[in-house]
Each structure stands twice: as C-alpha cells, then as structure tokens.
Amino acid sequence: MTLDLFSDAPDADLPRGREAIGPGAFVLRGFALPFVDELLPALNEVEQRAAFRHLVTPGGLTMSVAMTNCGRLGWISDRRGYRYGELDPETGRPWPPMPAVFEHLAQAAAAEAGYEGFAPDACLVNRYEPGTRLSLHQDKDERDYGAPIVSVSLGMPATFLFGGLARGDKAARIPLGHGDVVVWGGPDRLRYHGVLPLADRPHALLGSRRINLTFRKAG
Ligand code: MD3
Ligand code: FE
C-alpha cells in the first residue's frame with residue numbers, strides 16, 4: 001500500500017515502493033533489509049576506528065544520542081559550534097572511509113526516491129538506547145541544500161517527528177523500524193525533525209539499540 005498525496009513530486013510517475021510524506025520526502029519500507037548482512041560488519045569496522053561519543057552542544061548540554069562518522073567529512077559539535085571536518089577530534093585522524101555497501105545503499109535509495117546520482121561525502125552514525133531522544137532541529141550545516149539526505153534505520157523501532165519549516169509547526173509522527181529508509185530533499189530538506197525518546201523493545205540482531213545512518217553531501 002502506497003500513499004501519494006503529492007502528485008506534483010518530480011518523480012510521481014515512477015514505480016511505487018514508497019510512501020510520500022512530503023513533496024520531496026519518501027519512506028522506503030524495508031529498503032535496507034537486503035543490505036543488512038553486509039551493513040552490520042561494515043558498521044562494526046567504522047566504530048572500531050572511530051568510537052561512538054556523546055557530543056556537547058554549543059550551549060553546554062551533552063547529547064543523549066551517541067555519534068560517530070565515516071566518509072571524507074564528519075559532523076561534530078562542541079562549545080565552539082556545529083560543523084563538518086575531515087578529522088576525528090578524538091584521535092586526530094581522518095574519519096574511517098565510507099564502506100562501499102553504505103554508499104551503494106544510499107545511492108540506490110536516493111534513486112528510488114527520484115534523486116539520481118547522489119554521492120554522499122559524509123555519513124553520520126547515531127546510536128540510540130532506551131530513553132535516548134533527539135530534539136527538534138534542522139540540518140543546516142551542509143554546504144548544498146540541493147542534495148537530499150538519506151536516512152537508514154536499524155535495530156529498535158523509533159517514532160520520528162516530521163515538522164515544518166518553523167519550529168512551532170505541528171509535527172507528524174512516523175514510525176520507523178529496522179530496515180526502513182527515508183529520503184528527504186527538495187522543499188522538505190530544511191524541515192524540523194526529531195526522534196521521540198526510545199522505548200526498550202530489544203531487536204533480534206541489535207539488542208536494545210537503534211542505529212541511524214544519515215548520508216549527506218556536506219562539502
Ligand atoms: C528531515 N537523525 O542525524 S534521520 C540527524 O533518526 C537526525 O537519528 C534522526 O535527524 C535519526 O540529523 C533522523 C532523518 C532526517 C535527517 C535529515 C533530515 C530527517 C530529515 C532533513 C530534513 C528533514
Ligand atoms: Fe537531523
């Protein structure tokens with residue numbers, strides 16, 4: 001079953017393995033499932049080289065989400081601000097390379113949503129545990145808002161909040177489960193979004209964790 005209330009979408013005549021949640025945003029249910037057996041060892045490799053850490057916001061609050069990165073650029077936050085950089089500040093080394101399976105999945109998902117030729121240079125990896133949340137924010141630190149963002153959910157289910165262009169706009173609640181992929185671009189690229197505090201519903205492969213990969217063209 002597919003819901004497409006946005007028939008002016010650039011790709012409205014393409015095949016339907018997806019739900020439109022905005023004019024430029026699509027949920028691809030289970031799209032990552034065929035990649036999972038390769039994704040998990042690759043993720044393990046990334047976290048061996050660049051450990052998950054809890055970043056501090058410019059306001060001095062420690063984020064409840066634990067983060068790491070792979071790809072040429074990584075997103076970080078500290079007392080000086082939010083930015084992308086080529087080096088992991090914990091180790092002084094470049095971020096781990098983006099595993100080929102990550103890149104293939106991101107590109108295939110973007111194409112399925114009508115964004116051909118997506119070439120991410122950054123993958124932010126978020127780790128959630130029971131109680132972890134991500135408050136409403138916009139992703140504004142990338143250079144080019146013309147590229148979409150591809151998000152891959154693994155492990156425990158979460159409720160995603162999808163708001164509008166102003167912080168106070170009413171947010172839709174979208175359940176995301178293991179293997180779901182969401183692609184956001186065009187007029188939806190700067191919408192406020194967040195994740196409600198996670199319940200403890202352990203997952204067969206990942207236990208009491210949720211991993212979210214977000215692929216971006218940051219530089
Ligand atoms: C909607 N991560 O890392 S991914 C983030 O589940 C982030 O970890 C969430 O928000 C997570 O910045 C949600 C989905 C996402 C990413 C970028 C977006 C949704 C978006 C940009 C515009 C609109
Ligand atoms: Fe975000």
Side-chain angles (χ1 to χ4, degrees), residues 6 9 18-29 31-32 39 43 46 52-55 57 63-71 73-77 82-84 95 102 105-106 109-110 113 115 118 120 122-167 169-199 203 206 209-218:
F6 303 94
R18 59 202 174 183
E19 299 160 35
I21 55 171
F26 302 87
V27 181
L28 311 176
R29 296 280 174 204
F31 190 88
L39 285 173
L43 175 65
V46 168
F52 282 108
R53 77 290 307 263
H54 291 273
L55 297 172
T57 66
M63 296 183 70
S64 73
V65 182
M67 295 178 167
T68 188
N69 293 276
C70 61
L73 293 169
W75 184 86
I76 54 163
S77 174
Y82 306 121
R83 63 198 171 276
Y84 284 92
W95 295 105
F102 280 32
L105 168 56
Y115 299 99
F118 179 51
C123 175
L124 173 59
V125 185
N126 291 152
R127 186 188 67 198
Y128 296 75
E129 288 168 344
T132 301
R133 55 175 300 193
L134 189 61
S135 44
L136 275 186
H137 66 278
Q138 293 172 294
D139 289 15
K140 292 196 300 190
D141 301 319
E142 299 73 25
R143 188 164 292 165
D144 174 12
Y145 300 152
I149 291 183
V150 172
S151 148
V152 177
S153 291
L154 298 169
M156 290 205 296
T159 301
F160 180 73
L161 296 173
F162 192 40
L165 294 174
R167 184 181 291 278
D169 292 348
K170 188 173 162 53
R173 293 177 175 216
I174 299 168
L176 292 179
H178 180 69
D180 290 345
V181 176
V182 192
V183 182
W184 332 79
D188 296 315
R189 174 65 182 73
L190 290 176
R191 284 171 70 162
Y192 276 88
H193 58 278
V195 178
L196 289 180
L198 251 72
H203 181 268
L206 284 140
R209 293 190 301 164
R210 169 177 188 257
I211 298 287
N212 184 265
L213 311 174
T214 52
F215 294 93
R216 300 129 187 277
K217 176 97 185 64

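Each ligand, and each atom within it, is numbered from 1 in the order the structure gives.
Distance from atom 18 (C) of ligand 1 to its nearest protein heavy atom, with residue and atom name: His193 CE1, 3.3 Å. Among all non-hydrogen protein atoms, the one lying nearest atom 22 (C) of ligand 1 is Arg189 O, 2.9 Å. Among all non-hydrogen protein atoms, the one lying nearest atom 15 (C) of ligand 1 is Trp184 NE1, 3.3 Å. Protein heavy atom nearest atom 8 (O) of ligand 1, with residue, atom name and distance: Tyr128 OH, 2.5 Å.
Listed for the His178 side chain is a donor-acceptor partner under 3.5 Å among the backbone atoms of Gly155. Arg53 places a side-chain N or O within donor-acceptor distance of the main-chain N or O of Met67, the cut-off being under 3.5 Å. Between the side chain of Ser151 and the backbone N or O of Val182 there is no donor-acceptor pair closer than 3.5 Å.
Not a single side-chain hydrogen bond (donor to acceptor under 3.5 Å, both in side chains) links Asn126 to another residue, sequence neighbours left out. Partners of Arg83 according to the side-chain hydrogen bond (donor to acceptor under 3.5 Å, both in side chains) rule, which considers only residues two or more places apart in sequence or in another chain, are Asp78.
Under the 4.0 Å criterion applied to side-chain N and carboxylate O atoms, Arg189 and Glu142 are assigned as salt-bridge partners.
Phe102 and Phe215 have perpendicular rings, their planes meeting at more than 60° on a 0 to 90° scale where under 30° would count as parallel.
Closest approach between the Fe ion (ligand 2) and any N/O/S atom of Asp139 involves OD1.
When heavy-atom distances to ligand 1 are checked against a 4.0 Å cut-off, Arg210 comes that close only through its side chain, counted from C-beta outward.
For ligand 1, the atoms sitting less than 4.0 Å from at least one non-hydrogen atom of Leu134 are 2 (N), 7 (C), 9 (C), 10 (O), numbered in the order shown with element in parentheses. If you number the atoms of ligand 1 from 1 as listed, the ones under 4.0 Å from a heavy atom of Ser151 come out as 4 (S), 14 (C). Counting the atoms of ligand 1 from 1 in the order shown, those under 4.0 Å from a heavy atom of Asp188 are 22 (C), 23 (C). Contact atoms of ligand 1 toward Leu124: 3 (O) (distance under 4.0 Å to a heavy atom of the residue). In the vicinity of Thr214, heavy-atom distances shorter than 4.0 Å reach the ligand 1 atoms 3 (O), 4 (S). The atoms of ligand 1 that sit less than 4.0 Å from any heavy atom of Ile149 are 16 (C), 17 (C). Per-residue contacts place Phe160 under 4.0 angstrom from the following atoms of ligand 1 (heavy atoms of the residue considered): 13 (C), 14 (C), 19 (C). Heavy-atom contacts of Asp139 reach the following atoms of ligand 1: 12 (O), 16 (C), 17 (C) (cutoff under 4.0 Å).
Checked by distance only, ligand 1 and Arg216 come closer than 3.5 Å through their nitrogen or oxygen atoms. Below 3.5 Å of separation, one finds an N or O of His137 facing an N or O of ligand 1. The shortest N or O to N or O distance between Asn126 and ligand 1 is below 3.5 Å. Distances between N or O atoms of Arg191 and those of ligand 1 include no value under 3.5 Å.
Within the 4.0 Å heavy-atom shell around ligand 1 one does not find Trp75. For Tyr192, the closest heavy-atom approach to ligand 1 does not fall below 4.0 Å. Put simply, no part of Val182 is less than 4.0 Å from ligand 1, judged by heavy atoms.
The two atoms that bring Phe118 and Ala147 nearest to each other are CE1-CB, 4.4 Å, heavy atoms only. Of all heavy-atom pairs between Ala109 and Val150, the closest is CB-CG1, 4.0 Å.
A cation-pi geometry, defined here as NZ or CZ lying under 6.0 Å from the six-membered ring centre and within 45° of its normal, does not hold between Arg173 and Phe162. Both the sub-6.0 Å distance and the 45° axial angle are not jointly satisfied by Arg167 relative to the ring of Tyr192.
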Using the rule given for side-chain contact (heavy atoms from CB on, under 4.5 Å), can you reason through Val183 versus Ile149, listing the C-alpha separation, both sets of side-chain angles and the distance that settles it, and then say yes or no?
CA-CA 6 Å; Val183 182; Ile149 291 183; over 6 Å; no
Would you sort out whether Arg29 and Asp180 count as a salt bridge (charged side-chain N to carboxylate O under 4.0 Å, His left out), showing the intermediate values?
CA-CA 5 Å; Arg29 296 280 174 204; Asp180 290 345; 2.8 Å; yes
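If you put the vertex on the Fe ion (ligand 2), NE2 of His193 and NE2 of His137 sit 90° apart, to the nearest 10°.
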